[in-house]
Every structure is written in C-alpha cells, then in structure tokens.
Amino acid sequence: MGIDRKHVLIACAIAGAVLGLVLAVLQAAGAFPTSDLHGMPTGASRSTGFMLAMAPLLAAWGFTIHLRCSDAQIARYLKANAALCVAWLLIVTLKYPAGNDHLVSIMWYLYYVPMLLTSTFSLFSAMRASALDRMPVTSYAKRAVLAIDAALIALVLTNNLHHAVFRFSFDDPLWSGSYTYGPGYWVVLGWIITQIALFFACSFAAARRQLRSAFVPLVLIVGVLGTYTVLYILRFLIGSNLALVYSILLISCLEIALDLGILPSYYWRESMFSALPFNLRILSRTGEVALHTALFQPSNQDEALHSMFLQTDLSRRSITSFRTTAVPHTLFRGYNVTGGSALLAEDVTAIDERRETLERQQDSLRAHNELLKHRHAIDGVLYRTQQERALVDEIEQTLAAKTRRIDELLSDLPRGNDPQSLAQRRERLTEVKLLIAYCKRKGGLVLAGKSDPAFNRERLQLVFNETAADLRTLGIDCAALVDVKRVLPASTVSVLYDCLYDFAAAAFAASNPILMLFVSDKVEGGEGSGDGVAVGQHRRVVEMRAALEAEESAQTEGYTRSLEELRRVLERRDVRFALDIAPDGATLAVQVSEDEGVA
C-alpha cells in the first residue's frame with residue numbers, strides 16, 4: 001500500500017511540475033491571447049492563473065481519492081476524472097497561443113473528450129456503488145456506453161470534414177465566435193445529459209434511505225451546471241472558461257457523494273482498518289507489523305509467532321491455518337496480500353470447550369459401547385446355552401416317547417410263523433427300524449450341538465436322501481429335494497426331523513404310498529409384507545412342504561396316529577404350519593424361523 005501511494009504522489013508531482021513549467025514558459029514568451037485575437041473575448045487568458053492553481057488541486061484531489069475510496073474500481077474511475085479535468089485545463093491553456101486555425105479547432109474539439117468521458121466514468125462509479133455491475137448485462141451496457149462515447153468523440157474530432165457538430169467557415173476571421181450548432185452537437189449534449197441523469201438514478205438506488213436527503217446539494221450543483229450550460233449555448237457566457245467551471249462543479253459533485261457516503265469513502269484507510277471487528281494484523285515481508293486493528297493486543301509471543309508464520313509456504317496456497325501452544329485457544333489464519341501477508345487471530349475458546357465436552361462424551365460412549373458388547377456376548381452365550389438345554393430337553397422327551405413306542409412294538413410281536421403273523425411282525429419291525437433311525441438322528445443333534453451345530457445343505461440333503469432310500473426299500477415311493485443356501489441351527493433341523501419321520505411313519509401305515517419332500521429357505525419382511533414382520537426388518541425362514549398320496553381303502557390306525565402326533569408336536573412349537581389330512585393323503589406346509597426356539 002505504501003509503494004502505491006509513493007508512485008501516485010510522484011506522478012502527481014511530475015504532472016503538476018510539467019503543467020506549471022509549460023504555463024510559465026508560455027506566459028514568459030507572451031503567447032497568451034489578447035482581446036483582438038480573431039475577435040474572441042479574453043476570458044480564457046484572464047483565467048490562466050486560476051487554471052494554473054486548479055491543476056495541482058485536481059491532482060491532489062485525485063491523490064486523496066487513492067487514499068480515501070475503499071473500492072479500487074470506483075477509485076480508478078474518479079482518478080481518471082481528475083486526470084481528464086487536468087488534461088482539459090492544459091488543452092485550454094495551449095489552445096489560445098496556437099496560431100493555426102486548424103490546430104485551434106482540433107484543440108477546441110478535444111474539449112468534448114473529457115466532457116463525455118467524465119460523465120461516463122461518473123456513471124460507472126454510481127453503477128459500481130449500487131452493485132449493478134454484478135449483473136451479467138451490466139458488462140454489455142458498459143461496452144455499449146463506451147462505444148457511443150467513441151462514436152461521438154470521432155464525430156466531434158472530424159467536424160472539419162462534415163461540420164455536423166459546429167458550422168463555420170475558416171474564411172471568416174471571426175469563425176471561432178460566429179459558429180452555429182449542428183445536429184451532432186445536440187446529440188452529444190443529449191448523451192451527456194442522459195449519462196448525468198443515469199448517474200443520479202444509480203446513486204439514488206445505492207444510497208441508504210437516511211442519505212437520500214444528500215441529493216439536495218447534488219441537484220443544486222447540477223442545476224447550476226445546467227443553467228451555466230444553457231447560458232453558454234445562448235452566448236451569454238461565451239467568454240467564460242467552460243473547462244474551469246465544469247471541472248469545479250464536477251469535482252464538487254463527486255466530493256459531496258464521497259463525503260456523504262453515496263460513493264464508498266474513508267478519510268484514512270488506517271482508521272477504517274483499525275475499526276474492523278477482527279483481531280487482524282498486516283505483516284511486512286520481514287515480519288514487522290505494518291497495520292493492525294484495535295482488537296490486536298501486542299504480546300511477548302508475537303515475535304516467535306510471526307517467525308513461525310513466515311516460515312509457512314503461502315506461495316502455493318492463498319490461505320493457511322495453524323495453531324500454537326504459546327497462544328492457547330486461538331486459531332491463526334494467514335492470507336497473501338500485496339507486499340506482505342495478513343494474519344487473523346480467531347478466539348476458539350468456545351469451540352475448544354465444545355470439543356472437550358464431545359471428547360468426554362465420546363469416551364463415555366465408547367466405554368458404554370464396550371460394556372454393551374460384553375453384555376451382548378454374555379447374553380449370546382446364555383441364549384445359546386438355553387437353546388441347547390431346551391433342545392436337549394425336547395429331544396429327551398421325544399426319545400422317551402419313541403422308546404416307549406419301540407418297547408410296545410417289540411413286546412407285542414406275534415409269535416407264530418403263519419403268513420399273517422409273519423406279515424404283522426415284519427410291519428412292526430419296520431416301524432421299529434424307522435423309530436430307531438429317528439432316535440439316532442435326534443440323538444445326533446445333541447452331539448452336533450457340542451461339536452458342529454450348523455447344518456449346511458449337503459449335510460441336510462444326505463439325511464433326507466438316506467431316509468428316502470430306506471423308505472424305498474420298504475416299498476414307499478419317496479423323493480426328497482433340499483434347496484437350502486445357508487447353514488441351519490440344530491433347533492430348526494429338529495423340527496424338520498419330526499416332520500420327515502412322522503410323515504414317513506404315516507406313509508408306512510398307508511397302502512401304495514407316494515411321499516414327496518421339499519425343503520427351501522427364504523427371507524421374509526419389509527414394507528407391505530403382511531407376515532407380521534416390522535417394516536424395514538427381515539426374517540430368515542426355512543420352509544418344508546410334504547405331500548403324501550395313498551389308496552383311500554387301505555388307511556390304518558397308524559396312519560392317522562402318526563399325523564395327529566405330528567400336529568401335536570408342531571402346535572407345541574412356535575412355528576407356522578398347515579396340515580391337511582384326507583382319506584387319500586395328506587399335505588404339510590411348515591415355516592420355521594431361524595431365531596425361533598423349541599417349545
């Protein structure tokens with residue numbers, strides 16, 4: 001920032017010195033016009049001293065704009081206006097000593113370059129202040145305005161070719177005072193008035209409600225300028241200095257807009273920076289504090305902090321963040337700025353306190369989670385133990401009932417060797433064989449619960465195939481299919497064994513039986529399932545379907561007894577089943593959830 005001010009100050013000083021030197025040389029040479037120069041009044045020559053004093057003042061005003069205006073784009077527009085006014089005064093000063101009519105006319109036409117561009121830059125400043133430049137259409141509007149300015153400037157500068165702006169003849173010695181206005185002049189004047197009106201419209205939109213009363217002095221100044229312009233066009237003030245009057249009124253209008261806040265302005269950037277509600281400091285490349293806000297409080301750790309900050313690489317990143325134990329509960333953010341860097345300190349005490357609270361809560365939740373895991377493991381072991389105990393009790397009761405049935409069959413075997421006795425003995429021994437196989441399978445579940453409690457598809461298919469083979473040797477046409485994709489718990493397999501052997505006993509008691517068995521697994525649940533499962537939950541189910549066909553005339557008491565025994569077993573369990581008994585057969589559909597225990 002210091003380097004920019006230095007350059008602007010040097011440029012203003014050089015411009016003022018050159019303009020003063022030119023004016024001094026011209027005045028010493030006696031080159032200023034007299035009252036008989038082409039019959040022109042001597043108003044311009046009489047105002048030379050005012051212009052000589054006004055030019056450095058305009059340059060100084062432009063320098064203060066560099067210091068005061070907080071918006072860089074608006075500052076450039078206003079400084080361009082100051083430079084254009086200085087150039088206009090210089091053109092007026094050099095116009096009268098020129099002895100060539102064509103050169104005088106060109107310098108006269110150059111008046112309209114600053115007249116057009118100052119109104120344009122003022123309009124652009126108001127558009128910037130009212131935030132209209134954020135709209136995409138604004139960039140096209142600015143280009144259109146500059147294009148119109150360029151066209152009108154070209155029209156004025158080429159007036160000697162077409163005289164569409166000013167009408168006169170160089171043959172007339174008094175041409176510079178006896179000209180008339182052409183259509184082009186009114187176009188130029190109308191365009192300037194339009195831009196001034198747009199400037200007021202944009203400024204009014206940009207001003208806060210309490211500042212809109214500030215437009216009263218602005219309107220008065222514009223009214224004076226308008227009155228002066230009308231009188232000048234009517235030749236009542238033809239001898240006055242248009243450039244001087246226009247520059248004074250223009251700068252006065254812009255200065256009022258700056259002072260009242262219509263255009264962004266601060267008298268000193270240091271005071272503006274100091275008033276920022278941040279703990280912010282601007283560091284030079286060597287680590288020295290160039291500027292700081294009022295919230296910045298120097299401390300003994302600043303030197304070490306600045307040294308650590310300057311060691312960070314900001315060339316690849318526009319923002320860097322860091323913390324240090326030397327300044328607790330503070331987050332530092334570094335930013336790249338021209339000529340140095342900015343260091344912002346943020347108080348994060350509240351954030352640190354919340355973080356510590358969250359960490360304590362997280363530690364508590366983590367310990368509670370470990371406790372829940374341990375409790376879940378204990379509950380799982382207890383549940384499995386209960387399931388194993390319930391399975392053992394159920395198998396024990398079942399084996400006891402089947403053992404009594406075996407004793408009954410063996411104690412009541414016919415003793416004779418006649419064909420009828422042999423047939424009855426064979427039938428009862430076959431039933432004993434099935435019961436022994438059943439007891440073997442059920443007893444195996446107890447041992448499997450200790451060594452390998454999971455039954456996969458191959459293991460279950462082997463049991464069903466062996467039972468089907470045994471039934472076929474006894475004259476029962478039987479087929480079994482197992483389509484299970486995962487392992488099954490022992491309690492589920494126990495239910496399947498009951499269904500398998502009770503159906504086999506019923507088939508053995510029928511005449512010409514045909515038995516079909518099918519076991520599968522599936523997943524039930526979800527929205528709209530209608531199976532008693534909560535929405536969003538799923539349940540794994542093993543389903544067994546069995547169909548038995550036999551001759552109606554050959555049903556026996558054992559057939560009905562076996563199926564009724566199966567019904568009682570399934571009713572004691574928490575399973576869903578459907579058992580239909582008919583004289584010519586029976587069907588069974590049973591669904592066992594893998595998380596259901598035995599009754």
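Throughout, numbering of the chain's residues begins at 1 and tracks the sequence.
- At least one side-chain heavy atom of Thr324 sits under 4.5 Å from a side-chain heavy atom of Leu305.
- Looking at heavy atoms from C-beta onward, Val495 lies out of side-chain contact with Phe577 at the 4.5 angstrom threshold.
- No side-chain heavy atom of Val519 sits under 4.5 Å from any side-chain heavy atom of Asp483.
- Using a 4.0 Å cut-off between a side-chain N of Lys or Arg and a carboxylate O of Asp or Glu, Glu564 and Arg567 qualify as a salt bridge.
- Here CG of Leu570 is found 6.5 Å from CG of Leu588. Values are rounded to the nearest 0.5 Å.
- Between the side chains of Thr357 and Arg360, at least one donor N or O lies within less than 3.5 Å of an accepting N or O.
- Partners of Arg355 according to the side chain to side chain donor-acceptor pair (under 3.5 Å) rule, which considers only residues two or more places apart in sequence or in another chain, are Asp352.
- Between Leu295 and Pro277, the shortest heavy-atom distance links the atoms CD1-C, 3.6 Å.
- Side-chain N/O atoms of Gln591 and Arg576 include a donor and acceptor closer than 3.5 Å.
- With sequence neighbours left out, Arg354 forms a side chain to side chain contact (heavy atoms under 4.5 Å, CB included) with Ala350, Ile351.
- Between the NZ atom of Lys142 and the CG atom of Leu132 there is a distance of 9.5 Å, given to the nearest 0.5 Å.
- Between Asp521 and Arg540 there is no salt bridge, since no side-chain N of the basic residue sits under 4.0 Å from a carboxylate O of the acidic one.
- Within the 4.5 Å cutoff, the side chain of Val289 has no heavy atoms near those of the Ile282 side chain.
- Residues Leu548 and Phe503 approach most closely at CB-CE2, 3.7 Å, considering heavy atoms.
- In this structure, CZ on Phe296 lies 12.0 Å from CG on Leu344, to the nearest 0.5 angstrom.
- For Gln362, the side chain to side chain contact (heavy atoms under 4.5 Å, CB included) partners are Arg366, not counting sequence neighbours.
- Listed by chain and number, the residues in a salt bridge (Lys or Arg N to Asp or Glu O under 4.0 Å) with Arg143 amount to none (sequence neighbours excluded).
- Contact between Ile74 and Ala129 at its shortest, heavy atoms only, is CD1-N, 3.8 Å.
- Annotation for Leu481 and Gln461: closest pair C-OE1, 4.0 Å, computed over non-hydrogen atoms.
- Considering every non-hydrogen atom in both Thr330 and Val348, the closest pair reads N-CG2, 3.7 Å.
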### Test log, rule side chain to side chain contact (heavy atoms under 4.5 Å, CB included), inputs Leu496 and Leu488
CA-CA 11 Å; Leu496 298 179; Leu488 303 178; 4.3 Å; yes
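- With sequence neighbours excluded, the residues forming a side chain to side chain contact (heavy atoms under 4.5 Å, CB included) with Arg375 are Asp379, listed by chain and number.
- We find the CG-OH distance between Leu343 and Tyr335 to be 9.5 Å, quoted to the nearest 0.5 Å.
- For the atom pair Asp363 CG and His368 NE2, the distance stands at 14.5 Å (nearest 0.5 Å).
- Partners of Arg545 according to the side chain to side chain contact (heavy atoms under 4.5 Å, CB included) rule, which considers only residues two or more places apart in sequence or in another chain, are Glu543, Ala589.
- At a threshold of 4.5 Å between non-hydrogen side-chain atoms, the residues Leu517 and Met544 count as touching.
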### Trace of the side chain to side chain contact (heavy atoms under 4.5 Å, CB included) decision for Phe332 with Asn279
CA-CA 10 Å; Phe332 295 95; Asn279 186 353; over 6 Å; no
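- Minimum interatomic distance between Cys202 and Met127 (heavy atoms only, all atoms of both residues): SG-CG, 3.8 Å.
- One distance of note links SG of Cys69 with OH of Tyr77; it measures 11.5 Å at 0.5 Å rounding.
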